[in-house]
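Notes follow once the structure below has been shown.
In each ligand, atom 1 is the first atom listed, and ligand 1 is the first ligand listed. Nothing here was measured: the structure is a model prediction, and the numbers come from that model.
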Amino acid sequence: MSKPFYQINTESEYERACQGAIEQPEEFWESIAETFHWRKKWNQVVSWNFEEPDVKWFLNGKLNITENCIDRHLKDKADQLAIIWEPNEPSAEVRKYTYAELHREVNRFANVLVKNNIQKGDRVCIYLPMIPEAVFAMLACARVGAIHSVVFAGFSSRALADRVEDAQAKMIITSDGLLRGDKKMLLRNIVAEALEMCSSVETVLTIRYTGDVVKTNHLDKWYHDELKSVSAEFHAVETDSEDPLFILYTSGSTGKPKGVVHTCGGYMVYADYSFRNVFQYEEHDIFWCTADVGWVTGHSYITYGPLLAGATCVIFEGVPNYPDTARFWQVIEKHRVTQFYTAPTAIRALMVSGSEIPKRFKMDSLKVIGSVGEPINLEAWQWYSDYVGKGNCPVVDTWWQTETGGIMISNLGGIGKHIPTFAGKPLPGIQPVLLTSEGKEIAEKSAEGLLAIKYPWPSMIRTTYGDHERCRQTYFSAYHGYYFTGDGARRDEQGMYRIIGRVDDVINVSGHRLGTAEIENAINEHDLVIESAVVSYPHDIKGQGIYAYVICDKLPADEEKARKEIHFIVESIIGKIARPDKIQFVTGLPKTRSGKIMRRILRKIAEGSTSDFGDISTLLDPGVVESILKGKI
Ligand code: PRX
């Protein structure tokens, strides 16, 4: 191989990389991995089987990912900005950190962790607003070899406690308060509630941010106090390629959210590789991903990908519609953003206020604009391209998952053909296939089927924390020899993929992934509720809305009151993101004789169908369909 496949800038380089990756996958990944700083080189590129599963990359390689995110840039980029933090309040001060300053902040934070007894392998839960300290905290964990588990600061105390308990986290890093649009939440008080439900936490490290008075106890340390006595030097702890870097909880079709585990070496290689190529990163670019670090998008394309590439990254604390719906466009202009990466939900919400608003902004710094998290409908794609990209920017529609660690299928900005609403082709090195429901690979190019991956890639999920069998069952057991994504997809003649959506009981609300079982379990905690069934229905802004059918002991006399109570329960068990949009009280659910709920019928009713429910003769009580239709809201 002549040139390393580090950066692909033309269609022919893309083709060559794809071919190289298929013919000589190990050489392909090795040529990319060689561009990083390793303390000790690996002695084997990959070892894998999808049976157990057991996947390892860059075996016996030694590194610290933060040396690659920070230290190696200090020679040439010490004074270049690494982070530009745009606060919730437009009038508040923007905070900026060069790579040299980031180095100092992360070292100091790492020293605070060690001072508080955090060692290699310990789990640290991060429950923070979108402030620079969230990124420092992640990097500080990585620097000391601890495993971070970031929990989105919109999850309730119970959801936080479940995650802390599952990971047996020794420390929680939080702040007094959080600002999001016109709302303030006292995070440390939510942590106080969570602490009553979990036992492993030895220290709560609290960052003073909003200045509110919050509940503290004997576990507390204030971050600013701790900083007083620590040095700005810290020698990064050596980790193995396969040591866990982080755990990130995500919803599945059954049970509680599971902790997806990513490891240091492979994740590093893929986060950087995918970032550079999809966004066509060039020196001096200013990259802005609007996600929260509580989701995988924030991990890979706020913290790790951009910093590995030595980019300047905008971190935004706020929301798209605060103080008004021009905020995104203002921020793009203010910081001369070159790549902008957001979710279709945000685009759809902003479309509602009309194209006049983005038209007021030139946004001529933009080169590539991206979409992530859910299928993007044609109208939103077009609006995004016309009014944000001004018809000049390629739109990259990036398909991937918490489990994949990085973008898997996406056109590369400006390279080759783009078809609206098609994510595009796989990144070189990724081998997707479409399967029939029997698990047979579909050979025809133009086809529709279940999306699976047949060869490992460096940032793939290694295990689900504390329960390897669950990882096997969820992703590797349904279709022998493949990683199964849970998504359905269509492929055209040219090999472009269009993601159709989940084929399991996972729903995607505003780009947030939720398990229907998880929401049902929460609803069922209401005293009056006997059983519930949650399905999705198309929602103009959120992509999918949550429709809950609820059976009660007795139909509630005051339905509105019962709805409010259910909302409250769901919010306190999971968080606001899981609140049902519609709740219908019913006397029965369509069940087969074996007791299985026929969700297909419930989905159709939620979508607005009044007939064509297919064969309902297998239902225990076919009359139930009629009565649900009558009460439809
Ligand atoms: O259904 C797919 C959808 O989001 C799921 C993964 O969710 P999560 O792990 O939370 O990660 C979201 C951010 C990467 C996928 O199984 N999804 C993600 N990106 C796209 C998408 N659906 C369609 N098009 C996309 N670009």
Side-chain angles (χ1 to χ4, degrees), residues 150-152 154-155 246-253 257-262 267 270-271 274-275 278 289-302 304-305 341-348 369-378 380-381 384 395-411 418-427 430 432 450-453 459-461 464 474-475 483-491 496-516 518 536 538 542-544 575 577-578:
V150 185
V151 177
F152 172 59
F155 278 121
F246 65 84
I247 305 171
L248 187 54
Y249 286 84
T250 190
S251 298
S253 37
K258 47 189 171 286
V260 171
V261 175
H262 285 289
Y267 176 82
Y270 199 81
S274 55
F275 170 77
V278 171
C289 165
T290 68
D292 190 287
V293 287
W295 312 113
V296 74
T297 310
H299 281 60
S300 301
Y301 302 109
I302 292 179
Y304 290 109
Y341 191 32
T342 195
T345 290
I347 301 165
R348 288 190 294 261
I369 54 177
S371 168
V372 60
E374 46 179 324
I376 180 163
N377 49 308
L378 185 58
W381 193 99
Y384 195 31
V395 179
V396 290
D397 175 6
T398 62
W399 174 82
W400 58 297
Q401 310 178 296
T402 307
E403 295 85 342
T404 69
I407 298 167
M408 302 287 280
I409 301 182
S410 170
N411 44 299
H418 290 191
I419 309 180
T421 77
F422 273 70
K425 291 189 180 176
L427 265 68
I430 303 303
L450 302 168
L451 185 62
I453 320 280
S459 63
M460 74 182 291
I461 179 174
T464 45
T474 313
Y475 308 104
Y483 163 82
F484 176 49
T485 65
D487 280 314
R490 210 181 100 202
R491 186 172 56 208
M496 300 268 214
Y497 286 84
R498 179 176 205 271
I499 310 302
I500 297 167
R502 301 290 305 198
V503 294
D504 52 9
D505 290 324
V506 168
I507 57 181
N508 195 325
V509 182
S510 302
H512 297 146
R513 177 169 158 185
L514 294 162
T516 52
E518 205 184 331
S536 66
K542 299 177 175 186
Q544 292 189 318
I577 53 173

### Task
Could you pull out, from Ser300, Ser251, Gly373, the option with a heavy atom nearest to atom 12 (C) of ligand 1?
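Selected option, by shortest heavy-atom distance: Gly373.
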
#### Entry: Ser459: partners by side-chain contact (heavy atoms from CB on, under 4.5 Å), with sequence neighbours left out
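For Ser459 the side-chain contact (heavy atoms from CB on, under 4.5 Å) partners, ignoring immediate neighbours, are Tyr267, Tyr270, Trp457.
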
Counting the benzene-type ring for Trp, do [X] and [Y] have ring centres under 6.0 Å apart?
X      : Y      : answer
Tyr301 : Trp400 : yes
Tyr483 : Tyr475 : yes
Tyr304 : His299 : no

#### Entry: Side chain, backbone, both or neither: Glu374 near ligand 1, heavy atoms under 4.0 Å
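Contact part for Glu374 vs ligand 1: backbone (N, CA, C, O).
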
### Task
Measure Val506 to ligand 1 on non-hydrogen atoms and call it side chain, backbone, both or neither using the 4.0 Å cut-off.
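No part of Val506 comes within reach of ligand 1.
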
#### Entry: Protein residue, atom and distance nearest to atom 7 (O) of ligand 1, heavy-atom basis
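Checked against all protein heavy atoms, atom 7 (O) of ligand 1 sits closest to Arg513 CD, 3.4 Å.
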
### Query
Identify the closest protein heavy atom to atom 8 (P) of ligand 1: which residue and atom is it, and at what distance?
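That would be Thr402 OG1, 3.5 Å.
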
What are the atoms of ligand 1, with element, lying closer than 4.0 Å to any heavy atom of [X]?
X      : answer
Thr398 : 19 (N), 20 (C), 25 (C), 26 (N)
Ile499 : 22 (N), 23 (C)
Asn508 : 3 (C), 4 (O)

Ignoring angles and geometry beyond distance, decide whether [X] reaches within less than 3.5 Å of ligand 1 through its nitrogen or oxygen atoms.
X      : result
Asp487 : yes
Thr297 : no
Thr485 : no

### Task
Would you confirm whether His262, through its side chain, and Thr402, through its main-chain N or O, come within 3.5 Å as a donor-acceptor pair?
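Yes.
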
### Query
Quick one: does Thr516's side chain have a donor or acceptor within less than 3.5 Å of a partner on Asp505's backbone?
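Yes, because the side chain of Thr516 sits within donor-acceptor range (under 3.5 Å) of the backbone of Asp505.
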
### Message
Pair Phe152, Leu248 - check side-chain contact (heavy atoms from CB on, under 4.5 Å), show working.
### Response
CA-CA 10 Å; Phe152 172 59; Leu248 187 54; over 6 Å; no

### Query
Between Glu403 and Lys258, is there a salt bridge with N-O shorter than 4.0 Å?
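The answer is no: the pair does not qualify as a salt bridge.
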
